[in-house]
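Small disclaimer: the values here were computed from a predicted structure and weren't measured. Chain letters run A, B, ... following the sequence lines, proteins first, then strands; residues in each count from 1.
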Protein chains: 4
Amino acid sequence: MPTKLARTKPPEARRADLMNAAQRLFLRRGVAATSIEQITEAAGVAKGTFYLYFDTKEAIRAALGERFAQGLLAVIEAAIANVPAADWPGKLDAWARGAVAAYLDAIRLHDVLFYEAHPPNRRGATDNVIVDHLTSLLRAGEAAGAWAVPDARVTALFLFSGLHGVIDAAQVAGNRVDRRALSARVARLCFRAVIG
Amino acid sequence: MPTKLARTKPPEARRADLMNAAQRLFLRRGVAATSIEQITEAAGVAKGTFYLYFDTKEAIRAALGERFAQGLLAVIEAAIANVPAADWPGKLDAWARGAVAAYLDAIRLHDVLFYEAHPPNRRGATDNVIVDHLTSLLRAGEAAGAWAVPDARVTALFLFSGLHGVIDAAQVAGNRVDRRALSARVARLCFRAVIG
Amino acid sequence: MPTKLARTKPPEARRADLMNAAQRLFLRRGVAATSIEQITEAAGVAKGTFYLYFDTKEAIRAALGERFAQGLLAVIEAAIANVPAADWPGKLDAWARGAVAAYLDAIRLHDVLFYEAHPPNRRGATDNVIVDHLTSLLRAGEAAGAWAVPDARVTALFLFSGLHGVIDAAQVAGNRVDRRALSARVARLCFRAVIG
Amino acid sequence: MPTKLARTKPPEARRADLMNAAQRLFLRRGVAATSIEQITEAAGVAKGTFYLYFDTKEAIRAALGERFAQGLLAVIEAAIANVPAADWPGKLDAWARGAVAAYLDAIRLHDVLFYEAHPPNRRGATDNVIVDHLTSLLRAGEAAGAWAVPDARVTALFLFSGLHGVIDAAQVAGNRVDRRALSARVARLCFRAVIG
DNA sequence: AATGAATGAGCGTTCATTCAT
DNA sequence: CATGAATGAACGCTCATTCAT
C-alpha cells in the first residue's frame, strides 16, 4: 500500500514515464538486452501496464525514434534560421554546425535506436582498417605536396562514412544501381573535399 | 557407424565450414536470428562441435568480421596499385572507386556483421528527415546560383553520412571532444565538397 | 460527456447485452479464446461493468448454459404437446424428432458451452476408429443376413455415442458402478436397436 | 550433482516418461491447467527437455490420444475375436460389452484428451434437463403399458447421447444435412431400442 | 575430435480481476 | 451504476552453453 496517491496518471505522463525509462535503459544496455520488465520497473509500474501503452517492444523503440527525430530536426532548423536568406554558403555552414551539435549530443541514442550498435567501436573493427589506409594515403599525398588536409584522420573518416552511407542507401533502394555513375559521383565528392 | 571416413577434418577446414555456414545464415536472417544449431546443421557437424572452434556466438561473428576486413583491404589496395606513384589525385580517385566497388558487393555483409541491420529502412526515419532537409537546401542553393550540385540527394547523403561517421568515431573515442574544432572541420569538408 | 442518455440501463437489459455478446463470441472463437474485454467491448460497456453482473468468466458461461437449456426444453415439450395423450409411440417419436430439430439448430452452442469444442475433428481420431470398426461389423452382419440396418454409419454413431454417454454419466455419478449390469443394459439396447 | 547415472536415456524412454507424466497431470487437472513445467518436473527433466521430444503442448496431447486409441481398439477387437464367426448377434453383444469395459476404464482420459471436460458433470447442466424429461416420458409410457424399459434413466441417457452424437457428426461433416432423413433415422433407432 | 542429450535462465505477452474515481 | 487504468501471476517457448560418452 505505498503510493496511495496517483495510482492513475494522465496517459501522456505514463507514456512518457515509460519512454524515458526505456530510453535510459536502451542507452545503457541496448535494445535487445533491455527487457520489458526492466522498463516497467524503472518506470514504477507493473509489467502489464506496459502493454496498455505500447503493443510491443518494437513499438516503444519506434516511438522513441520518432521523438528523437523531431528534436533533431528542430535544432538543425533553428541553426539555419538565423542566417540571412541570401547567404547560401552560410546556410550550408550553419547546417553542418547545427547537425554536428545536435548529433554530438545524441549520437549514441541514435545508433542504439536505429542500428543495434552498443559495444563501442564494434563498427570500428573493419572500418578502421579501411580508414587507416585512407588516412595514410591522405598523409602521403600531403607530404608530397599534392593537397593540404588539416586533419587527415577526420577527413578519411568523413569520406569513408559518406561513401558508405551512399552505398547503403543505394542498396536499400534496391533498384539496380548504376555502378559507374555512383562511382563517379562519390569519387568527385571525395576529390573536391580534398583538393577543394 | 556410417560415415566412418572423414569424421575428422583438418581444423582449419572445419573452422572454415562453420564460418561459411554462419556467414550464409547471418546474411539471410541476421545474427541474432541465427542459432548455433542452424550453423552447425548447415556445416554438417554436431552442435557441440561448434564450441571446439569458437568460444561464443560473438566469437564467430568477430572472426567473420576479421575475414571480411582482410578481403576488403586487398581489393582497395589492388585498385590503387595500378596508379603511377606520383599521381595523387589519381590515387584518391582509385581509392574511391575501389572502395565503392568493394562495398557495393559486400555492404549487406558488412552491415549485418557490424550493425545488426535488417535491410529495409535500416537507417531510421530520422536520417531520412535530415537528409531530405539537406537535399532541399542544396537544391535551393543551386536554384539561387550559389553552387552546382549534380545530384543533390546523393550529395546530401554523402555529407550526412560523413558527418555522422565522424561524430560516431569521436564519441567512441570517448575522450573529451573539442566541439568547436570538430564542427569547423566538418563544416569545411561539407563546404569544399559542395562549393569546390 | 457524450452519451449522457442511457448510461444506466435496467439491470436485466445490461445482463442480457453481456450474455448475448458473450454467446456470439463464444460461438465464434470458443470460450477460452474469448476475453472479458472482448465481451464488454461487444456489449458496449466498460470492462469493470462485467463484474457488476457476473462474478467470473465461468459464471457467464454457466448462465448461458442455463438459458440454453431452458430454450431447448421448451422446444421439445412443444413437439410432444401435439400428440394425443394415449399415443405413446407417437410421443417417443415426437420427442426424438423434436430433440433432433432443436439440437441441429444449436449443437455448436451446446458443445462450445459444455465441452470446449472447436469444430473440426472435435471427437478425436479415437472415436472414428471405434465407429469405423462398428460400422464394418454392422455391414458385415447385414451382408450375412443377420440383420437389416438402413444406414450402418449413422447407426454405429448412434450406438457408440449412446454407449459413451452412459459411461460418462456413470463415471460422473462416481459411485461404484455395477459393471456387469451396465454392460448388460448397454448390450441390450444395442441389440434391440439393431435387431429390433 | 545427484543422479550421475543415466543423464542420458534412450529417447523412447524419455518420451514415455514425459507422456506418462503428462497423462497423469492431464487426468488430474485437465490439459489447459497443466503447464509444461509441471510435466517436466513430474518427469524429472528440465523444462527445455520437453521440447526435445514434442514441438508443442498440443503435440503431446495428440500423442497421448494416439496411444489411447491404439489400446482401445485392441481391447474391443480382442472381445470379438472369441465369438464364432457366424454368430452375429453374439458379435454385436461382444462389441458392446468390450466397448463398455474399455471405456469404463478410460473414459475420463478419453474426455480430457478429446474434449476439455474436467469439471465433473459440467456436461450435465443442460443434458440433465433433457434426459430427465425423456426419463419421465419413458416411465410414464411404461406405467401406461406402452412398453417395458428396465432402467428408464440409462435408456434415456443412451438415446439422448446417441442422438447427440449423430447430430454432432452431421454438423462436423458440414455438408448440408438432410434434416428429415436424419430425424427419421434417429426416431427409428429410438423407437426400436424402446419398443423392440 | 566429435557428439547430441540435457540444462535452465530468460523473455515477450496475455488476461482475469481489482479498485479509486 | 459505471468506468478503465493498473495489476501481477502465469505460461509457452527459445537457445547458448555444458558435459558424459
Side-chain angles (χ1 to χ4, degrees), chain A residues 3-11 14 32-41 44-58, chain B residues 3 6-11 14 32-41 44-60, chain C residues 3 6-11 14 32-41 44-59, chain D residues 1 3-11 14 32-41 44-58:
Chain A
T3 338
K4 206 71 186 183
L5 295 190
R7 270 290 271 285
T8 255
K9 269 202 191 184
R14 265 287 133 79
T34 298
S35 72
I36 301 291
E37 194 153 25
Q38 286 164 355
I39 295 173
T40 54
E41 190 178 335
V45 297
K47 204 168 169 185
T49 300
F50 178 89
Y51 291 93
L52 257 24
Y53 295 94
F54 300 96
D55 284 341
T56 263
K57 195 188 188 180
E58 162 61 18
Chain B
T3 340
R7 265 296 262 289
T8 258
K9 269 203 189 183
R14 267 285 135 83
T34 298
S35 70
I36 301 289
E37 190 154 28
Q38 285 164 355
I39 296 173
T40 54
E41 188 179 337
V45 298
K47 206 165 166 187
T49 301
F50 178 89
Y51 290 90
L52 259 23
Y53 295 94
F54 300 94
D55 285 341
T56 262
K57 195 187 186 181
E58 164 61 19
I60 199 174
Chain C
T3 340
R7 266 296 263 287
T8 256
K9 267 203 190 182
R14 267 284 134 83
T34 298
S35 71
I36 302 291
E37 190 154 26
Q38 285 164 356
I39 296 174
T40 53
E41 188 179 339
V45 298
K47 208 166 166 186
T49 301
F50 179 89
Y51 291 91
L52 259 23
Y53 294 94
F54 301 95
D55 285 344
T56 261
K57 194 186 186 181
E58 162 62 17
Chain D
M1 271 122 223
T3 338
K4 205 73 185 182
L5 295 190
R7 269 290 274 284
T8 255
K9 268 201 188 184
R14 265 287 135 80
T34 298
S35 72
I36 302 290
E37 194 153 26
Q38 285 165 355
I39 297 173
T40 54
E41 189 178 336
V45 297
K47 204 168 169 186
T49 301
F50 178 88
Y51 292 93
L52 257 23
Y53 295 94
F54 300 96
D55 285 342
T56 263
K57 195 189 189 181
E58 162 61 18

Whole Å only: how far is the [atom1] atom of [X] from the [atom2] atom of [N]?
X	N	atom1	atom2	result
B:Tyr53	F:dT17	OH	C1'	18 Å
A:Leu52	F:dT7	CG	C1'	10 Å
D:Glu41	F:dC11	CD	P	12 Å
D:Lys9	F:dC19	NZ	P	22 Å

Report, one line per pair, each donor and acceptor closer than 3.5 Å where one atom sits in a side chain of residues 32-40 of chain C; sequence neighbours left out.
residue, atom, partner, partner atom, Å
C:Thr34, OG1, C:Leu25, O, 3.4
C:Thr34, OG1, C:Gly30, O, 2.8
C:Ser35, OG, C:Gln38, N, 3.2
C:Gln38, OE1, C:Ser35, N, 3.1
C:Thr40, OG1, C:Ile36, O, 3.3
C:Thr40, OG1, C:Glu37, O, 3.0

Checklist entry - If you fit an axis to the five pairs at each end of the helix from E:dA2-F:dT21 to E:dT21-F:dA2, how big is the angle between those two axes, to 10 degrees? => result 10°
Checklist entry - Checking all strands, does D:Pro11 fall into the base, sugar-phosphate, or nothing category for heavy-atom contacts under 4.0 angstrom? => result nothing
Checklist entry - Would you say a side-chain N or O of B:Arg14 is under 4.0 Å from OP1 or OP2 of E:dA1? => result no
Checklist outcome for this item: Protein-proximity profile, nucleotides 8-15 of chain E, B/S/- by nucleotide at the 4.0 Å heavy-atom cutoff, equals B-BSBBB-
Next on the checklist: If the condition is side chain to side chain contact (heavy atoms under 4.5 Å, CB included), which residues does A:Ala46 pass it with, not counting sequence neighbours?
Outcome noted: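 Counting only residues at least two positions away or on another chain, A:Ala46 forms a side chain to side chain contact (heavy atoms under 4.5 Å, CB included) with A:Thr49.
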Next on the checklist: Going by the rule ring-ring contact (aromatic ring centres under 6.0 Å, His included), which residues pair with B:Phe54 if we only count those two or more places apart in sequence or in a different chain?
Outcome noted: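 Applying ring-ring contact (aromatic ring centres under 6.0 Å, His included) to B:Phe54 gives B:Phe50.
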